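For reference, the structure is listed below as structure tokens.
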Amino acid sequence: MLGLPFAFALPAVLFGLIALPAIWWLLRLTPPKPETEVFPPLRILQKLVKREETPAKSPWWLTLLRLALAALVIFALARPLLNPQTEMALEEGPLLIMIDNSWASASDWQARQRTGAALIQSAGERGIPVAISPSVSPPSAAIRLVDAATAAASFATLEPIAAEPNRAQALGRLGEAALGSENATLAILSDGLAQLDKDSALNLDANIVSKTLLFNGEITQIAAISEAQNRTNALEATIIRSQNSQLADEINVNAIDEKGRLLGTATAFFEDGASEAIAAFEVPFELRNDMATLRIENQKNAAATYMLDENNRRRRFALFSGLAGDEDQPLLSPLYYIARAIQPYADIVRPRSNDLSVDIPEILEQGPAVIIMADIGVLPNVVESQIEEWIEAGGTLVRFAGPRLAASADDDPFLPVSLRSGERELGGALTWTEPQIVAPFSANGPFAELDAPRDVTVNRQLLAHPDAQLAEKTWASLQDGTPLVTGERRGKGTIVLFHVTAEATWSNLPISGSFVDMLRRIADISANTGASDSTSQSATGEALSPLRTLRSDGELINPPSFVKPRDTASTAVTTYENPAGLYGTQDAFSALNILNTGATLEPFVLSQTQVPTETLPYAVAEETDLSGWLFAIAFLLLIIDTLAMLWINGRFKRNYKSAGASAAILIAIAAISFTPNPTHAQDAKPGDELLIENLDATRIGYVLTGRQDTDTITKAGISGISRYLASRTALEPSDPVGLDIETDALAIYPLIYFPIDADADMPSETAIARLDAYMQAGGSILFDTRDQIGGSFSSGQSPENQRLRDIMRNLNVPPLEPVPADHVLTKSFYILDSFPGVYDGSPLWVQASNDENNIDRPVRSGDGVSPILITGNDLAGAWALDESGVPLRPIASGNPMQRIYAFRTGVNIMMYMLTGNYKADQVHIPALLERLGQ
């Protein structure tokens with residue numbers, strides 16, 4: 001893409017430098033200094049005799065100045081370019097662009113945009129069509145060949161998304177768009193990262209494509225987090241980089257809580273040539289529990305941010321007991337001391353009945369990290385396979401001894417060691433042994449760094465059959481060497497056995513402080529086998545609503561309108577509709593991160609193809625024309641030369657005032673002319689004054705349709721609702737602004753009113769793309785078909801409705817529903833149950849809410865601001881007033897109160913736009929209930 005960092009657009013002009021010696025010879029001569037004589041004729045006649053005069057030579061510095069001026073003009077005419085862009089070698093057929101707008105493209109997105117823009121410009125100069133297919137795009141996106149101008153406008157709206165690319169799908173769409181074409185040029189603007197097995201299918205038909213231009217992104221500056229595990233003593237984050245990475249061998253990772261506060265920093269040390277390292281946060285368990293995200297310093301990509309969810313934080317413990325009636329005497333309950341020990345750092349789940357064949361499957365559906373069974377001997381056969389699968393998947397089963405387990409432990413498959421029948425009694429009346437104390441903990445288990453309790457004694461225990469592996473499985477033992485706690489790995493999970501009871505009948509261990517520490521260590525090595533409530537919903541077919549999503553630079557934001565609920569049972573791969581982020585509810589969510597365990601950063605290599613491929617670098621900087629600077633310097637030298645000549649000729653000696661004025665004028669001209677090339681300067685543009693003025697106040701924008709009658713009523717209507725807002729609320733909107741959606745800035749308006757007129761021109765693809773970008777950035781559009789459609793607007797047959805459907809076909813429109821009774825729009829200022837305008841037959845459509853947990857609540861808690869509202873009631877017509885406040889259009893029903901409710905509808909909509917879901921706050925509920933009379 002780039003040649004030398006400096007070049008000339010017209011190098012042939014440089015041959016003019018050959019004339020510099022001749023110019024030097026000519027510039028050496030200076031005309032003789034003129035003399036002023038007294039006029040008397042006799043004086044003149046005396047000097048009629050002609051004297052031969054020899055011109056004096058010009059000073060060396062003046063000659064050098066003039067040579068420099070001539071050279072500068074020659075260089076300027078040759079158009080020197082900084083970071084010159086070379087011509088694109090395109091074929092005669094269409095240009096097909098596949099661009100990666102994935103998470104890895106965020107760091108060099110500007111270079112990718114400049115490269116794509118240069119490709120499209122070259123295609124426009126040749127008059128060939130262009131098709132653009134991003135690798136992260138909606139599943140139903142339609143790709144087609146368009147002219148270069150349309151392609152450039154569409155290309156400018158693309159943004160990187162925190163998701164994995166799907167290059168095979170993108171190339172497949174390009175193949176469909178170019179079907180029947182020949183001699184096409186395929187340009188692949190990749191992020192530089194391989195997709196492993198997915199890249200094997202990156203080929204287009206050789207009958208269509210005759211040349212491939214491959215632009216590879218730079219991955220040597222990328223670092224990412226592929227995994228985070230909450231270990232016994234630390235939270236460990238796995239940091240990965242490419243094999244030939246140019247990053248430092250020490251990379252810092254920050255841990256941040258939910259409020260954005262820094263909790264700690266850990267450093268990952270890469271050994272020579274290593275592509276993976278561990279950053280360990282060795283902090284207390286409580287502090288690790290508060291960590292919400294991990295972020296690599298100085299990295300601006302979504303994979304450098306790792307979101308933590310319930311699987312990385314609090315564990316869910318399920319408690320089962322073999323005794324009935326535990327609540328009657330809680331201090332004797334086997335689960336009492338366990339619950340008290342784990343309650344500060346774990347969620348406790350209890351069975352609903354005493355039927356293990358029913359309770360265990362129900363508990364397993366909730367994905368607990370640990371199941372604790374206190375003196376449960378025989379497990380139902382129907383649940384044994386389910387428990388085994390749960391342990392193999394990563395569950396931790398903790399069992400406590402007791403009479404029931406002692407009687408049935410001969411062939412129990414869920415014990416870490418083989419047990420002897422019966423129990424061993426220490427310190428009884430019929431035994432000569434004394435109660436045993438706890439020996440120092442074994443280095444094999446998770447208790448290795450704990451101090452053995454000196455005040456704990458054991459007077460009864462279950463004994464294990466001695467074998468060669470018993471010592472390895474023993475985590476804690478008594479002073480005489482018999483096991484107190486044993487454990488064994490099974491698949492990804494663990495089975496743990498306390499050889500004493502969970503209450504204080506066999507030992508005082510459950511009432512000691514060491515018991516809390518031991519259970520906490522077991523919690524540290526466990527992992528939730530499923531998210532909390534939100535994940536269990538997906539197991540029953542309910543998807544998780546997006547809570548927060550990642551931007552491509554790694555910052556958490558509110559979900560854009562195109563993000564859809566995620567079915568965690570289907571895939572763990574990020575896509576356009578399910579980018580990286582948090583899914584679920586505020587109380588229970590699941591994190592979807594960019595990378596998974598075992599991910600690597602490998603360079604992208606295009607698979608072998610019959611089409612010739614040329615690999616090029618991205619345009620790292622914008623082309624800059626330096627000719628303007630050179631002309632400005634040349635003009636400055638010309639001014640200096642002029643002043644020098646005036647000084648040599650003595651003009652300054654005769655009239656200092658006029659000379660000073662002339663010099664001041666020349667210096668002012670030089671200052672004005674010494675300006676960079678306006679092509680690349682950030683000069684003010686036409687309309688900037690209006691834009692700055694509009695930023696000073698809140699204004700409502702409306703779309704200009706080009707139809708005078710429609711635009712007049714719309715302007716009067718927006719002016720009317722603005723005046724009504726100023727009289728009824730603290731908001732004082734300024735005059736409304738008519739918008740040309742193809743050129744005007746849209747982002748400064750909280751609401752844009754779009755009256756649909758079937759007789760107006762259809763908005764261009766560029767205009768619709770700008771509307772889509774406006775909605776995705778947080779803006780809202782109120783479409784008004786003004787045709788009073790009473791049912792679904794998607795089935796209406798009016799011309800206005802058909803026009804609306806044509807516009808929405810190219811917009812990322814979320815699922816819609818009529819405003820429900822518990823929506824914030826019904827209560828944002830006035831309490832309303834309908835939203836009339838000139839008509840009262842059309843519902844007001846808004847984005848459908850995925851929150852179904854709002855039964856019998858006065859305000860829906862999950863309501864955000866809908867990016868789109870649709871009505872057919874002609875709101876602007878009802879708001880339209882003349883200068884004296886007289887309505888311009890009559891109400892269809894003839895009821896004057898309908899106009900009042902129309903204005904109230906406008907107030908509610910505007911308050912909703914500006915304040916969002918503030919009325920969903922619990923503080924408003926008493927006032928709302930009082931107003932509703934409930």
Side-chain angles (χ1 to χ4, degrees), residues 558 561 694 697-702 714 717-737 746-754 774-775 777-784 816-837 840 843-849 851 854 857-871 873 875-876 878-881 897-932:
N558 291 327
S561 59
N694 290 342
T698 301
R699 299 173 186 268
I700 304 175
Y702 64 93
T714 302
I718 303 302
S719 298
I721 190 61
S722 298
R723 293 199 298 269
Y724 193 85
L725 282 164
S727 65
R728 295 296 191 274
T729 71
L731 175 64
E732 296 182 0
S734 295
D735 294 337
V737 179
L746 307 180
I748 62 176
Y749 304 100
L751 175 68
I752 295 177
Y753 182 84
F754 196 147
Y774 167 76
M775 291 194 298
S780 296
I781 303 176
L782 173 56
F783 290 99
D784 196 338
L816 302 176
E817 66 177 354
V819 173
D822 59 349
H823 198 279
V824 175
L825 258 173
T826 64
K827 309 162 182 71
S828 58
F829 195 86
Y830 294 104
I831 297 179
L832 301 175
D833 56 6
S834 63
F835 305 91
D840 193 16
L844 180 61
W845 295 79
V846 295
Q847 179 178 358
S849 172
D851 187 3
N854 294 283
R857 296 194 57 186
V859 180
R860 179 170 302 201
S861 64
D863 249 343
V865 176
S866 176
I868 184 172
L869 298 90
I870 300 176
T871 185
N873 287 334
L875 295 177
W879 301 334
L881 306 174
M897 284 301 299
Q898 183 171 321
R899 191 182 303 275
I900 299 298
Y901 282 108
F903 276 106
R904 293 182 179 181
T905 295
V907 172
N908 274 28
I909 291 175
M910 200 60 189
M911 292 298 104
Y912 173 62
M913 293 298 107
L914 296 176
T915 62
N917 59 356
Y918 83 110
K919 275 298 178 80
D921 198 298
Q922 296 289 328
V923 72
H924 296 282
I925 289 180
L928 291 174
L929 291 176
E930 181 180 355
R931 292 286 303 277
L932 292 171

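Quick caveat: nothing in here was measured; it's all calculated off a predicted structure.
- With sequence neighbours excluded, the residues forming a side-chain contact (heavy atoms from CB on, under 4.5 Å) with T729 are L725, L731, F829, V907, M911, listed by chain and number.
- Side-chain contact between D735 and S719 is absent, with no heavy atoms from C-beta onward closer than 4.5 Å.
- Looking at heavy atoms from C-beta onward, L869 lies out of side-chain contact with I781 at the 4.5 angstrom threshold.
- Side chain of R699 to main chain of V737: no donor-acceptor pair is present (N/O by atom type, distance under 3.5 Å, no hydrogens or angles).
- Note that CZ of F835 and OH of Y901 are 12.5 Å apart. Values are rounded to the nearest 0.5 Å.
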Stepwise side-chain contact (heavy atoms from CB on, under 4.5 Å) check, S780 with V865: CA-CA 8 Å; S780 296; V865 176; 3.5 Å; yes
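- Residues T698 and L751 form no side-chain contact, since every pair of their non-hydrogen atoms from C-beta on lies 4.5 Å or further apart.
- Shown here for W845 and P818, the closest heavy-atom pair between the two residues is CZ3-CD, 3.4 Å.
- For the side-chain contact (heavy atoms from CB on, under 4.5 Å) test, residues two or more places apart in sequence or in another chain that qualify with S722 are I700, I718, P733.
- Residues passing the side-chain contact (heavy atoms from CB on, under 4.5 Å) test with L881, sequence neighbours excluded: R723, P887, F903.
- At least one side-chain heavy atom of P750 sits less than 4.5 Å from a side-chain heavy atom of M910.
- Counting all heavy atoms, side chain and backbone alike, Q847 lies closest to E817 at O-OE2, 4.2 Å.
- Here the closest non-hydrogen pair linking I721 and G906 is CD1-CA, 3.8 Å.
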Worked verdict on I909 versus L782 for side-chain contact (heavy atoms from CB on, under 4.5 Å): CA-CA 9 Å; I909 291 175; L782 173 56; 4.3 Å; yes
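- The side-chain heavy atoms of L816 and I870, taken from C-beta on, include a pair separated by under 4.5 Å.
- The backbone N or O of A878 sits less than 3.5 Å from a side-chain atom of R899, completing a donor-acceptor pair.
- Remark: T905 OG1 to L844 CG distance equals 8.0 Å, nearest 0.5 Å.
- You'll find the side chain of Y724 reaches within 4.5 Å of the side chain of R904, heavy atoms only.
- How far CD1 of I831 is from OG1 of T826: 8.0 Å, rounded to the nearest 0.5 Å.
- The two residues P836 and L875 come nearest to each other via the heavy atoms O-CD2, 3.2 Å.
- Side-chain contact check for L832 versus V819: every heavy-atom pair is 4.5 Å or farther apart.
- Distance alone, capped at 3.5 Å, is enough to place a donor-acceptor pair between the T871 side chain and the N873 backbone.
- When atom types are taken as modelled, the side chain of Q898 and the backbone of G837 share a donor-acceptor pair closer than 3.5 angstrom.
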Check against side-chain contact (heavy atoms from CB on, under 4.5 Å), Y912 and S866: CA-CA 9 Å; Y912 173 62; S866 176; 3.7 Å; yes
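- Not a single side-chain hydrogen bond (donor to acceptor under 3.5 Å, both in side chains) links N908 to another residue, sequence neighbours left out.
- With sequence neighbours excluded, no residue forms a side-chain hydrogen bond (donor to acceptor under 3.5 Å, both in side chains) with Y702.
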side-chain contact (heavy atoms from CB on, under 4.5 Å) evaluation trace for F754 with D784: CA-CA 6 Å; F754 196 147; D784 196 338; over 6 Å; no
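- Judged as a ring pair (Phe, Tyr, Trp, His ring centres under 6.0 Å), and not counting sequence neighbours, Y753 has no contacts.
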